Amino acid sequence: MPELPEVETIRKGLIKLVGGAVITDVAVFWDRMITPPFSTERFKTVLCGEQIHTIERRGKYLIFLLDHWAMISHLRMEGKYEVSESGEPIKKHTHVIFYLADGRQLRYLDVRKFGKFTLLPIEKRDDYEPFKKMGPEPTADFFKLSKFKKDLSRSHRAIKAVILDQNIVAGVGNIYADESLFQAKIHPLQYADTIGPVAAKRLHEAIIDVISRSVEAGGSTIRTYKNTLGEAGKFQVSLAVYGQTGQPCPNCGHPIEKIRVAQRGTHYCPHCQQMPRVRPKATDSTDIAYKGAR
DNA sequence: AAAGGTGTTTATCG
DNA sequence: TCGATAAACACCTT
């Protein structure tokens, strides 16, 4: 469910609610959520007595910084956090409970059970394999156009698959991939290595812009997303294409269409986001062969 | 009413 | 190595 703006909103809410709290006990109801090499048993033992000093984020991952450990949490499709008083009934799909010293409980809920927890000694928190390979955060400070252009030129995949790849740029998921491509006026199926410098620059700017505006709005609530305080996001009303199949394009009025790209539902405006006509390099005789062919 | 789709990642296969 | 596909799981919509 959550992409970078939603995870960032959750992070802020968690800091407000459980920043400084001390974990006194942990219950895990779905073992596979705790990834090796940590057994559920060791996960629980190690966390007892640890204080949550702060919570950071990298891409779509949350990083709880404790006394001796970094607890890394990925919400995947449907993960949520709630902070409850001890007496509150435990909802369906609650899989982990962190009991806090003040009597409250931090609860992790996940309908599809795809979410993952892992622990690293705090001094090794950058050694987490997904972080080592992960692309830059999608902000002007980290996300550099020159590197992005190089990455595009080296990839034969559809551009949408490339910007969903966390190793290219971190935190972009299905919603913001579609929105960024719309804003940059690029067809989601265009091969990355055919995207010229001007379009690449538009896309780079669009990704930074779309993500930052959504962070500002507290993310998008499409179906079930709520932040830690139980509030919905506000960015869904600004979505131009995602989930807007059949609705008029905000630019040209043409109905938004839905196709499948990289196994993901993909929304775009067929009028504003056109595939460029294939233009052969004007270098040799192949040029002549193409003349008249199209 | 069975089949297919859902905001994600990773393992596996060609 | 790269890129496509399936799998992890429960629920909702066609």
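Chain naming here is simple, since letters A, B, ... match the order of the sequence lines and numbering starts at 1 in each. What you are looking at is a predicted structure, and each value in this text was computed from that prediction instead of being measured.
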Whole-Å distance separating the [atom1] atom of [X] from the [atom2] atom of [N]:
X: A:H267; N: B:dG7; atom1: NE2; atom2: C1'; result: 11 Å
X: A:F114; N: C:dA6; atom1: CZ; atom2: C1'; result: 11 Å
X: A:I10; N: B:dG7; atom1: CD1; atom2: C1'; result: 11 Å
X: A:M77; N: B:dG5; atom1: CE; atom2: P; result: 13 Å
X: A:L75; N: B:dT9; atom1: CG; atom2: C1'; result: 13 Å
X: A:Y176; N: B:dG7; atom1: OH; atom2: P; result: 12 Å
X: A:I222; N: C:dC12; atom1: CD1; atom2: P; result: 17 Å
X: A:M33; N: C:dC9; atom1: CE; atom2: P; result: 10 Å

Residues A:K160 and A:T266: side-chain donor-acceptor under 3.5 angstrom: yes

Flag for A:D193-A:S155: side-chain donor and acceptor within less than 3.5 Å: no

Is the distance from OP1 or OP2 of [N] to the nearest side-chain N or O of [X] less than 4.0 Å?
X: A:R112; N: B:dG7; value: no
X: A:H95; N: C:dC9; value: no
X: A:R264; N: B:dG5; value: no
X: A:K60; N: B:dT8; value: yes
X: A:K116; N: B:dT9; value: no

Using the [atom1] atom as the reference point in each nucleotide, state the distance between [N] and [M] in Å, no decimals.
N: C:dC11; M: B:dT10; atom1: C1'; value: 23 Å
N: C:dT5; M: B:dG5; atom1: P; value: 13 Å
N: B:dG7; M: C:dG3; atom1: C1'; value: 23 Å
N: C:dA6; M: B:dG4; atom1: P; value: 12 Å
N: C:dT1; M: B:dT9; atom1: P; value: 22 Å

Cluster link A:L106 to A:I34, ILVMFWY, side chain under 4.5 Å: yes

Classify [X] by what it touches in the nucleic acid, base, sugar-phosphate, or nothing, heavy-atom distance under 4.0 Å.
X: A:K133; result: nothing
X: A:R32; result: sugar-phosphate
X: A:G115; result: nothing

Heavy-atom neighbours of A:K144 NZ exceed 12 at 6.0 Å: yes

For DNA chain C, the dot-bracket pattern of Watson-Crick and G-U pairs whose distances stay under 3.5 Å, | for other-strand partners: .|||||||.|||||

By nearest atom, which of the nucleotides [options] is closest to the [X] side chain?
X: A:K258; options: B:dG7, B:dT10, B:dT6; answer: B:dT6
X: A:N174; options: C:dC9, B:dG7, C:dA10; answer: B:dG7
X: A:Y61; options: C:dA10, B:dT10, C:dC9; answer: B:dT10
X: A:R260; options: B:dG7, B:dT6, C:dC9; answer: B:dT6

Salt bridge (Lys or Arg N to Asp or Glu O under 4.0 Å) contacts in which one or both residues fall within residues 114-126 of chain A, not counting sequence neighbours: A:E56-A:R125

Tabulate below the donor-acceptor pairs under 3.5 Å that side-chain atoms of residues 239-252 of chain A make, not counting sequence neighbours, or state none.
from: A:Q244; atom 1: NE2; to: A:Y242; atom 2: O; distance (Å): 3.1

Would you list the protein and nucleotides 1-5 of chain C atom pairs, both N or O, that sit under 3.5 Å from each other?
from: C:dG3; atom 1: OP1; to: A:H156; atom 2: N; distance (Å): 3.1
from: C:dT5; atom 1: OP2; to: A:Q263; atom 2: OE1; distance (Å): 2.7

Connected hydrophobic set around A:V22, excluding itself, where side chains approach under 4.5 Å: none

Residues clustering with A:F131 (ILVMFWY side chains joined when closer than 4.5 Å, directly or via others): A:Y61, A:I63, A:L65, A:I72, A:L120, A:I122, A:Y128, A:M134

Within the sub-3.5 Å range, which N or O atoms of nucleotides 11-14 of chain B have a protein N or O partner, and how far apart are they?
none

From CA spacing to verdict: ring-ring contact (aromatic ring centres under 6.0 Å, His included), A:F148, A:F143: CA-CA 8 Å; A:F148 185 52; A:F143 187 28; 5.1 Å; yes

Partner set under ring pair (Phe, Tyr, Trp, His ring centres under 6.0 Å) for A:Y81, not counting sequence neighbours: A:F64, A:Y108

Test side chain to side chain contact (heavy atoms under 4.5 Å, CB included) applied to A:S39 - qualifying residues, sequence neighbours left out: A:E41, A:R42

Which residues share a side chain to side chain contact (heavy atoms under 4.5 Å, CB included) with A:R154, sequence neighbours left out: A:K150, A:D151

Non-hydrogen side-chain atoms of A:V18 and A:I55 separated by less than 4.5 Å: yes

Cationic N near anionic O, under 4.0 Å, A:E82 to A:R107: no

Check: residues 95-103 of chain A side-chain donor-acceptor pairs under 3.5 Å, at least two apart:
from: A:H95; atom 1: ND1; to: A:H93; atom 2: O; distance (Å): 3.3
from: A:H95; atom 1: ND1; to: A:D110; atom 2: O; distance (Å): 3.3
from: A:D102; atom 1: OD1; to: A:R104; atom 2: N; distance (Å): 2.9
from: A:D102; atom 1: OD1; to: A:R104; atom 2: NE; distance (Å): 3.4
from: A:D102; atom 1: OD2; to: A:R104; atom 2: NE; distance (Å): 2.9
from: A:D102; atom 1: OD2; to: A:R104; atom 2: NH2; distance (Å): 3.1

Proximity to DNA chain C (any heavy atom under 4.0 Å), residues of residues 233-247 of chain A only: none

Centroid-centroid under 6.0 Å between A:F38 and A:W69 rings: yes

